[in-house]
> 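The structure is given below, and queries will be raised subsequently.
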Amino acid sequence: MAEIKEECGVFGIYDMDGNNVVPSIYYGLTSLQHRGQESCGLAVSNTEGEWGNIQFHKNLGLVSEVFKEDTIKKMQGDIGIGHVRYSTTGASVAENAQPLVLSYIKGTLALAHNGNLINTPQLKWELIQSGAIFHTTTDSEVIAFHIARARVHSKTVEEAILKTAKKLKGAYGLVIMSPRKLIGVRDPYGLKPLCLGKRGNSYILASESCALTAVGAEFIRDIEPGEIITISKDGLRSDKSLAKKTHAHCVFEYIYFARLDSVMDGVKVYDARIRGGKSLAKSYPVEADLVTGVPESGIPAAKGYSEESGIPFGFAFYKNSYIGRTFIKPTQQERESSVHLKLSVLESAVKGKRIVLVDDSIVRGTTIGNLIHMLKDAGAKEVHVRISSPPFKYPCYFGTDVPTGEQLIATSHSEEEICRMIGADSLGYMEIDYLEGMAGHLPLCKACFNGEYPMKIE
């Protein structure tokens, strides 16, 4: 129930036996739906056919809304890519849905992107100066146009991608479809995830391993930070020219973004969240009768808190699974009522009890405040809030929709003030020193908590 938004998800597949990959892309995107619910799309082609005959379909909405049965039946190809989107740059309109399909002097390419660049203005200006474009709206378009421009003077599409990637500054996980190749690119810091799987004679690239499971594929490995991997009839080829010694994996993949059943850079997401909850219990113990989580994001950490503290774990809320997407309402009153529409309190579970309420984050404080009010209205004696991330104090520039400092409650208020504002009896945040241990001792980007960005922000 976090107030931050998900990132995007990418998926790509190449079936060396020539089988139709459209159903696999559909199921892969469905498994990545948690990473973006605003729009989705897929693009496919036949490697043995006439290249340029790319079939693609994309629109606003969930995967099940955009891809009806008749649409799926009309599309066929043995190579393809897909995308689910939450907009971090560019408006939430159908024109900005991905994958991008671009025809240029040497052919056609399709591209899907997860992440956010911090040097987009400079990259746009370079394209405008060269006469390659007059106007673009998204980072993804800028990347695609730079690849197309570089391809004119490159022997291979991989060479063009490498030339482009050397110019990119920020976070990105890319899947790119060229005439007879599927290519994955991960940013040098490893901020965005990307992994490789195999099913029979098919190779798959995806943002998370859960998408591989969804299509019956075996997880092979994570794409390494700074790696470009090419999948073709000749097999797999890896280029690590972009690799850096310093990595900075996005901490919020382990706190919130990734699906519970995913494994990311060797870390099981479920286990990471359990560890986070246990750390909270060690740092902020309290006498209580019930530990509960805010569905769905706070539940694993709540389970960890319960295991460490010995306080029973239970459910305090019923989540309406049939409400679908709740769009932003025009008034504060309507925004608050949407919380009641999604969740209702199980009165018999909370009445007369001291509750430990666990969630993944507090951004503005509105949502958690409403939930505390609902619990106390249902008869809870006390509500002690525990948050499985440190206080948000700085904006994110790498594709996570953490707002500007002025909109972050922790930037201008102390923890004691926040506790009073949300109506909690006590408040405890994850200590920043525990984050590496939670995430399997990976090097992490924690900039939204400590302001220490892995690269210079201009």
Side-chain angles (χ1 to χ4, degrees), residues 2-10 32 34-36 84-89 113-118 139 168-175 184-195 206-211 222-227 242-244 246-260 262-273 275-276 297 300-301 360-361 363 387-403 408 430 432 434-457:
E3 296 168 306
I4 59 173
K5 297 290 184 69
E6 293 86 349
E7 302 174 311
C8 298
V10 298
L32 295 172
H34 60 286
R35 297 187 71 86
V84 290
R85 183 174 193 259
Y86 168 71
S87 60
T88 51
T89 60
H113 170 220
N114 166 34
N116 200 56
L117 304 182
I118 62 173
D139 291 350
L168 305 181
K169 189 176 179 182
Y172 50 91
L174 301 169
V175 290
V185 191
R186 190 176 183 191
D187 70 78
Y189 289 95
L191 283 157
K192 297 304 170 194
L194 195 64
C195 65
S207 291
E208 292 185 35
S209 63
C210 66
D222 292 285
I223 305 305
E224 295 181 22
E227 182 179 10
L242 298 171
K244 293 179 178 289
T246 303
H247 298 161
H249 304 275
C250 175
V251 65
F252 242 81
E253 293 288 353
Y254 303 95
I255 295 172
Y256 174 74
F257 287 138
R259 217 170 79 168
L260 275 182
S262 285
V263 179
M264 194 169 284
D265 290 306
V267 177
K268 294 179 179 178
V269 173
Y270 177 78
D271 291 350
R273 292 177 191 169
R275 287 195 292 269
S297 56
D360 60 81
S361 63
V363 180
I387 303 298
S388 61
S389 65
F392 274 120
K393 293 185 177 180
Y394 305 91
C396 174
Y397 299 100
F398 305 122
T400 304
D401 187 33
V402 176
L408 296 169
M430 169 77 80
I432 198 165
Y434 286 157
L435 290 174
E436 272 88 359
M438 177 203 70
H441 299 285
L442 285 173
L444 299 173
C445 175
K446 300 172 284 188
C448 49
F449 307 133
N450 61 13
E452 297 175 7
Y453 298 95
M455 64 194 80
K456 186 178 179 182
I457 306 297

> Measuring only between side-chain heavy atoms, which start at C-beta, is P390 closer than 4.5 Å to K446?
no
> Nearest heavy-atom pair of G190 and H249: which atoms, and what distance?
O-ND1, 3.2 Å
> Rounded to the nearest 0.5 Å, what's the gap from OG on S361 to OH on Y256? Could you check?
7.5 Å
> Are I387 and D360 packed together at the side-chain level, in the sense that at least one heavy-atom pair is separated by less than 4.5 angstrom?
no
> With distance as the sole test, does K192 use its side chain to make a donor-acceptor pair with the main-chain N or O of C8 at under 3.5 Å?
no
> To check you understand the geometry: which heavy-atom pair defines the closest contact between M455 and G170, and what is its length?
SD-N, 3.6 Å
> I'd like to know if the side chain of E208 and the backbone of R259 have a donor-acceptor N/O pair within less than 3.5 Å.
yes
> Is there side-chain contact between D139 and L168, with at least one heavy-atom pair below 4.5 Å?
no
> Tell me, please, which residues at least two apart from F449 pass ring-ring contact (aromatic ring centres under 6.0 Å, His included).
F392
> If every non-hydrogen atom of G36 is compared with every non-hydrogen atom of V84, which pair is closest and at what distance?
O-CB, 3.6 Å
> Any donor-acceptor pair under 3.5 Å linking the side chain of D187 with the backbone of A171?
no
> Once you round to the nearest 0.5 Å, how far does CD1 of I223 lie from CG of L174?
12.0 Å
> Treating S209 as the side-chain partner and S262 as the backbone partner, does any N or O pair qualify as donor plus acceptor under 3.5 Å?
no
> Looking at D222 and G266, what are the two nearest heavy atoms and their distance?
OD2-N, 3.6 Å
> Taking atom OH of Y254 and atom CG of L442, what is their separation to the nearest 0.5 Å?
4.5 Å
> Working to the nearest 0.5 angstrom, can you tell me the gap between E436 CD and L444 CG?
5.0 Å
> In terms of heavy-atom contacts, does NZ of K169 have more than 12 from other residues, nucleotides or ligands at under 6.0 Å?
yes
> Is a donor on one side and an acceptor on the other found under 3.5 Å between the side chain of Y397 and the backbone of I457?
no
> For the side-chain contact (heavy atoms from CB on, under 4.5 Å) test, which of R273, M430, M438 pairs with I255?
M438
> Any side-chain to backbone donor/acceptor pair from N114 onto V10? Under 3.5 Å, distance only.
no
> Do P188 and Y172 have side chains that approach each other closer than 4.5 Å (heavy atoms only, starting at C-beta)?
yes
> What distance separates F257 CZ from C250 SG, expressed to the nearest 0.5 Å?
5.5 Å
> Which heavy atom in A206 sits nearest to a heavy atom in A211, and how many Å separate them?
CB-CB, 3.8 Å
> Would you mind reporting whether C396 and F252 have side-chain heavy atoms less than 4.5 Å apart?
no
> Which atoms form the tightest heavy-atom contact between L191 and C445, and what is the distance?
CD2-CB, 3.6 Å
> Keeping the roles fixed (side chain from R275, backbone from A439), state whether a donor-acceptor pair exists under 3.5 Å.
no
> Going from NE2 on H34 to OG on S297, what distance comes out if it is rounded to the nearest 0.5 angstrom?
12.5 Å
> Taking Y453's backbone N and O only, do any of them form a donor-acceptor pair with Y394's side chain (distance below 3.5 Å, no angle check)?
no
